Amino acid sequence: MRRPRVLLCVCRGCPGFERVDAWTLVNRLRDNPDVEFAVAHPQLCGDDGLRFLADLVRPAVTYLVGACDPALQRKMLKETFTAAGVSFDGQVVPLDLRNMTTEEAAEKVAEAVRALRAGQ
């Protein structure tokens with residue numbers, strides 16, 4: 001299995017991300033040898049965020065999306081992933097990182113990476 005790519009949305013317009021330092025989190029995730037890369041965007045569901053995703057996502061890759069409620073992620077992002085040939089339900093692991101500290105968010109992503117590796 002290819003290493004997953006981590007996409008972080010640290011939406012400053014939504015409550016719950018005040019305790020996450022996005023740049024510290026991205027750099028910690030980039031240091032994980034089981035992660036292909038990690039990037040942060042201020043609002044993945046916004047127009048510029050959806051264009052960013054459309055340019056970035058590719059088929060045959062697993063994505064961990066750390067953001068808000070997984071059901072909301074599915075509603076807001078699925079169409080963009082599908083248009084790029086990515087099965088949202090099969091290749092995207094939505095993670096709810098709201099109301100976490102940077103450390104808690106890093107651990108939640110690391111747990112998801114370990115679970116993916118174990119399920120190879």
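These figures come from a predicted structure and were not determined experimentally.
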Is it the case that over 12 heavy atoms from other parts of the model lie below 6.0 angstrom from the CG atom of Asp89? yes

CD of Glu104: more than 12 outside heavy atoms within 6.0 angstrom? yes

Could Asp34 and Arg117 be called an ion pair, given the rule that one side-chain N must be under 4.0 Å from one carboxylate O? yes

Joint cluster assignment, [X] & [Y], ILVMFWY side-chain distance < 4.5 Å:
| X | Y | answer |
| --- | --- | --- |
| Leu25 | Val113 | yes |
| Val39 | Leu50 | yes |
| Val65 | Leu53 | yes |
| Val10 | Phe37 | no |
| Met100 | Phe17 | yes |

Just verifying a value: how many Å separate [X] [atom1] and [Y] [atom2], rounded to the nearest 0.5 Å?
| X | Y | atom1 | atom2 | result |
| --- | --- | --- | --- | --- |
| Lys75 | Asp69 | NZ | CG | 11.0 Å |
| Arg98 | Asp96 | CZ | CG | 4.0 Å |
| Ser87 | Lys78 | OG | NZ | 7.5 Å |
| Leu95 | Cys9 | CG | SG | 12.5 Å |
| Leu7 | Leu29 | CG | CG | 11.0 Å |
| Asn32 | Arg3 | CG | CZ | 9.0 Å |

In sequence, state the C-alpha distance, the side-chain angles, and the governing distance for Leu116 and Leu64, and then conclude on side chain to side chain contact (heavy atoms under 4.5 Å, CB included). CA-CA 10 Å; Leu116 285 172; Leu64 296 174; 3.7 Å; yes

Would a 4.5 Å heavy-atom cut-off, applied to side chains only, mark [X] and [Y] as touching?
| X | Y | result |
| --- | --- | --- |
| Val57 | Tyr63 | yes |
| Arg74 | Pro94 | no |
| Val109 | Val35 | no |

Side-chain donor or acceptor of Arg19 paired with backbone N/O of Gly16 under 3.5 Å: no

Apply side chain to side chain contact (heavy atoms under 4.5 Å, CB included) to the pair Val86 and Gln91, showing each step before the final yes or no. CA-CA 7 Å; Val86 175; Gln91 294 170 254; 3.8 Å; yes

For Glu107, all residues meeting salt bridge (charged side-chain N to carboxylate O under 4.0 Å, His left out), sequence neighbours excluded: Arg114

Heavy-atom pair with the smallest gap, counting every atom of Leu44 and Leu77: O-CD2, 3.8 Å

If you take all heavy atoms of Cys68 and Gln73, which pair is closest and at what distance? O-NE2, 2.9 Å

Decide side chain to side chain contact (heavy atoms under 4.5 Å, CB included) for Asp48 and His41; before the verdict, give the C-alpha distance in whole Å, the side-chain angles of both, and the deciding distance to 0.1 Å. CA-CA 9 Å; Asp48 64 324; His41 191 279; 3.5 Å; yes

May I have the step-by-step check of side chain to side chain contact (heavy atoms under 4.5 Å, CB included) for Val61 and Arg2, ending in yes or no? CA-CA 7 Å; Val61 176; Arg2 289 180 64 170; 3.5 Å; yes

